[in-house]
Every structure is written in structure tokens, then in C-alpha cells.
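Please read the structure below before turning to the comments.
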Amino acid sequence: MEKKVRVRFAPSPTGGLHLGGMRTVLYNYLFAKQNKGDFILRIEDTDQSRFVTGAERYIFDCLKWAGLEPDESPIHRGNYGPYRQSERKEIYRKYAEQLVADGFAYYAFDTPEELEKMRQDFKTGKNPSPQYDHELRNKMKNSLTLGEDEVRRFISEEIPYVIRIKMPEKELVSFNDMIRGEIHFDTSLVDDKVLLKADGMPTYHLAVVVDDYLMKITHAFRGEEWLSSAPVHILLWKYLGWKKEMPQWAHLPLILGPNGKLSKRDGAQFGFPVFAMNWNDPKNGEMTEGFKEKGFLPEAFINFLALLGWNDGTEQEIFTKEELIQRFSMERVHSGGAKFDYEKAKWFNHEWIKRKESQDLKPAVRNILVEKSIAEIDDQLLDKVISLVKDRCTLLTDFYDQSVFFFRTPDQYDLTSVQPKWGESKKLFFSEIIRNYELNTDWSATVLETNFKEIAAANKIKPGEVLSTFRIMLVGGKFGPGVFDIAAILGKDNTIQRIKKALTIF
RNA sequence: GGCCUGUUCGUCUAAGUGGCGAGGACGCAAGAUUUUCAUUCUUGAAACAUGGGUUCAAAUCCCGUACAGGCUACCA
């Protein structure tokens, strides 16, 4: 029987969730759903000095907004908890000690100052950053160099120590990456990573393999930045005796900003979001804008994220979540890093807005209008307005500019476009329009248009000369849907009132 | 410096195991439609990092070089 697929996303709650993290979530989610497996969210909060209040909550909010909710997590329950590593603290020491007992790890008593001194002392032009490796460990203060008695004494005296993995002097470690294929490492070049810190917390290296094992993870997807520490993890799986249970790895390519690795600075600098949702940093009060607040639809967000490094081999670009679940495959993920293109991201959003029914857009649009203090929005009116203007909205926030005039009489007019052509004959024309429209019983766009043109002809005015003026009267500027469609939605009283008002101003 | 990973139009990418005049999309440019703006439609410019091999044939396989990115913490 095949093992049930279980994947996990394991962020550390230290700040905003950026594009790369969200894409890792997405790929995990798609893979899990495609294989009828479980998607687990595990909080990697082993570094207590980096704790940020609200960061965990924020992660959940982002996943919920994007529609990528986990099956198991600190707040979704599950049978493999707890799902916060800080709450699993007691679990890890046992395994670290086991590794020491089996000769795969050792105690190290070097203080941070001593480590710093070592790095200074052994630094050369050829080797700017010396590692605590199979050679240097012989010159340091650890259970390999100290006598057994001394080690016992140190421990009983509660001298702080860490547990480090003992990398083999010369061994070839290989594994098969789902995206990159066979990858090899020479252990003589890898350092003795700390597994258990002096405060008793595990480092990522220990925690990730212990938890992946205990949580029965079958496939481990993470960013490319983890590739170089993969040999440590592979060896740990072996040393702990779990080699047969080791998940399949896939190291996802990085998402790059305009110049190198995507950073939140890029957002501020280039005017696009990098986080899924607004992130308020409690430490400095700074707010970083998110895709949600910028006006992105979750469907579009997921869609462009999925295509950033993956495609199904066809020329299709617009995918629903269901289609993505069906078509996704890790093997088709491109191995090179991808530079994020905000213009294309906006195009995806535009496509999604155009495709969606105004019904489905309504809640989000209503929120945006309410935020701009447009109260009392008639539901039916909103429906009509949305379907009329959505083609010209790239971001949800565009709905404001594109539809304010339905809810508010313009108080500013594009006068420079009106006045050069303005005159008595035009005034006369519009008073006639008012008279005609007042008597109008069928208030539909087509009727309004024919009447308008007839009156223009009777006055020997080309419709083109007054059409844009009419638009400015109703809207304030030269934009928006067809004028008669607007007038039809505005209704008789409102339309006539706006013409009258404009007549007093022009 | 060392190790690891990458490298097709400006950007995202396609081209199952070598046979293309290198395809699509975003963006850009031009035109048509829309008596506004946007949509829509048509057209166009635009790429195999580089040097060697292997082969009748290489974007595709091999080696070197360059460039880019990641890692090199008691951070993840």
C-alpha cells in the first residue's frame, strides 16, 4: 500500500510572508490536494530571540485569504501535534543525545567569544570564513578533544554546551531532488552544524528532520537556499536510523526582485507589493503593503504565483485552483530562479476581474467603496455598475475611480476639454435635451441615444461635438463606459439634475 | 575564498529520449474598432551567455570559461 502523501510548510514567524513563501505554500498545497494527501503547517519558532508578536496569526490570515488552508496546524488540529516547535522542545534533546551516544554527534563547550576568536585566528585571504569542520574541531573545546572526565565535569557544572553533528571526514552524500535530479556533496567541505543550542532548543537542522519524521512527511519542498545544508539533513536521516522514511526533496528556485533576491525594500522602491497581505511590523511600526490590499484577487494571486516557475507544457496561462491541482507537477518546475514581473501580475488580475461575475466581485468592490466613504450602496445598482466597468479595472481598487460618479455627482469637471467648444448653441442644445428627456417615458440607453442624435441633427450639431461634453457633465472627465449606459443607470432625475448643474458651471 | 545551483526575446516561459525558418504570454510599437478611456482584434520589433568538441544534424549531449544567485551563525 502506498503511503499517504503528507507535505508541510514550515515558516518561522518572524515577519511578512513574501512571494517566495507563498509560492512554496501553493506548491505544497497543490501537490497535497492532487495526491489526496495532507497539507501541514508547522511553525518553526526555535529561535526565541526572533519572536515577533502577531507573525503567526498573520501567516494564517494570508493562507486563508489565498484559499490555501492547511489540514493540520496549531489551529487546525491533527494527530501529529503540537505543531509549534517551541512546544516540542522536550522531544529533540533525546534524539540529539542519541546521536552523541552513537558517535554521530558531540558536545561542544566553546563560547561565542571563543568561536569568534577561532574565526579571526584562522581567517586567511584564501579562506575568509573558516568552518567548524572535521579539521578545526580538533582544535576546539569539545567532547572529542576533552577527556571523558572533563566532559562529565563540565556538564555537571552546568557549563553551557551545544551538540554538533560530526561530519564524516570524507564521504559522498547524494540525494535525488525532484526538480534538479541527482545532487552530490563532499562531506569534507561541510561543517559540523549545531543541532541543539545551549538554550536547549534545536536548530532548524535537527528540528526539521525530527519533525518531518514524526509527522510522517513524505515530500519536503523548500526554497533553494536550503540546498547547501541538505547533506546535513540527509546524514541525520541516516544516523537516526530513518533512512527508509526520508521524504523526497524538492528545492524550489528563488523568486528574484529587479536586482537579485526579492526583498521588502524592492516593494517600497519599485512600487509593488512583496507580501501577500499588509504587514505591520510591531517592532518599528512600519507597514509593508500586501497584494490583497493593493487590489489583487486571490485567484489571480495564486495563478501568477503558480506560473512563476511552472507551466503545464501547453499555452494555457489562466488556471483556476482546481485546474492547478489537477495539472501541477513538481517535475515541470523550472530550475532557474525567476524574476518577478509586476506588470504581468497585474495582467493576471485584470484577466480574472474580467472573467468573474459581478456577483462574485461584489463583496470586495463594496468594501473598497465603503472605505472611500461611499455609504448606502444599492445592491442592484452595484451589480449593474460592476458589470459595466469591470473591463477597465486592473486592480480591485480601480473600481473606485471607475465608478464613483455613479454614486456621487461630480464636483470637479474637466473644463479645459469643454470650454473651447462651449457656446450659446451648445447651451441651447442641452436645454432641449433636458426638455426632451424630462418627457421621456422609456429611460433606456438606446432611446436616450436616438433622442440625443435627433436633437443634435435638428440643431445642426454633429453628435461628436456634444457627446464628450455630455460625458463630462455626468462623469466629470473623459473616461468611463458609454455615456448613454451611464445615463440609463443614473436614472432620469439624476441625469437631468447633473446636466442642469453643469450648465451653471460651464 | 570554498561549496552548491542556475543561464532561451526586457520579463515569465515552450520546444517528451538531438532535425525549427526557435513557439506562446506580459510589456513595448503601429494600425482597426469603440465619437472618451479601457476592452477586443490585426501586425511588428525582440532570445538559444561564451569557447571548444561529439554528430550528417545541437537550444537539446560532453568539457572549459564567463555571468548570476544561494549557503558558508548556538537564524530560519
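The sequence lines fix the lettering, A, B, ..., with proteins before strands; numbering per chain opens at 1.
Using a 4.0 Å heavy-atom cutoff across all strands shown, A:D110 reaches at least one base atom of the nucleic acid. Residue-level contact check: A:F185 touches the backbone only, with heavy atoms under 4.0 Å from sugar-phosphate atoms and none from bases. Backbone-only engagement by A:L227 is indicated by non-hydrogen atom pairs under 4.0 Å involving sugar-phosphate atoms exclusively. Counting any heavy atom pair closer than 4.0 Å across all strands shown, A:P481 reaches a base atom. Contacts of A:G223 with the nucleic acid, taken as non-hydrogen atoms under 4.0 Å apart, are absent. At the heavy-atom level, A:A338 lies under 4.0 Å from the strands shown only through sugar-phosphate atoms. Among the atoms of the strands shown, none is found under 4.0 Å from any heavy atom of A:H251. Using a 4.0 Å heavy-atom distance criterion, A:N127 is classed as a base contact. Residue-level contact check: A:K346 touches neither bases nor backbone, having no heavy atom under 4.0 Å from any strand. A:S468 comes within 4.0 angstrom of no nucleic acid atom, judged by non-hydrogen atoms across all strands. Using a 4.0 Å heavy-atom cutoff across all strands shown, A:P11 reaches no nucleic acid atom at all.
Base-pair partner of B:A66: B:U7 (Watson-Crick or G-U wobble, both distances under 3.5 Å). B:A59 makes up no base pair with any nucleotide shown, lacking Watson-Crick or G-U wobble contacts both under 3.5 Å. Nucleotide B:A47 has no partner under the Watson-Crick or G-U criteria, as no pair reaches both atom distances under 3.5 Å. Using Watson-Crick or G-U wobble geometry with both donor-acceptor distances under 3.5 Å, B:C71 finds its partner in B:G2. For B:U40, the paired nucleotide is B:A32, the pair qualifying as Watson-Crick or G-U wobble because both relevant distances are below 3.5 Å.
The aromatic rings of A:F430 and A:F470 sit tilted, their planes meeting at an angle between 30° and 60°.
When each of A:Y342, A:F272, A:F301 is checked for a side-chain contact (heavy atoms from CB on, under 4.5 Å) with A:K294, only A:Y342 meets the rule.
No more than 12 heavy atoms of other residues, nucleotides or ligands shown are found within 6.0 angstrom of NZ on A:K117. Residue A:E357 qualifies as open at atom CD: its count of foreign heavy atoms under 6.0 Å is 12 or below.
Comparing B:G24 with B:G64, their P atoms sit 36 Å apart, to the nearest whole Å. Nucleotides B:C63 and B:A25 have their P atoms positioned 36 Å apart, rounded to a whole Å. Annotation: B:C3 and B:G44 have their P atoms spaced 49 Å apart (nearest Å).
When the nearest nucleotides of RNA chain B are assigned to A:D391 and A:G125 by heavy-atom distance, the more 5′-ward of the two goes with A:G125. If you find the closest nucleotide of RNA chain B to A:G464 and to A:W226, the one lying nearer the 5' end belongs to A:G464.
Partners of A:E225 under the side chain to side chain contact (heavy atoms under 4.5 Å, CB included) rule, at least two apart in sequence or in another chain, are A:L254.
Distance CZ/A:F296 to CG/A:L395: 5.5 Å, rounded to 0.5 Å. If you take NZ on A:K89 and CG on A:L196, they are separated by 9.0 Å, rounding to the nearest 0.5 Å.
Taking every nucleotide of RNA chain B with any atom under 4.0 Å from a non-hydrogen atom of chain A, the first and last of them, 5' to 3', are B:G1 to B:A76.
The two residues A:E56 and A:P13 come nearest to each other via the heavy atoms N-CB, 3.9 Å.
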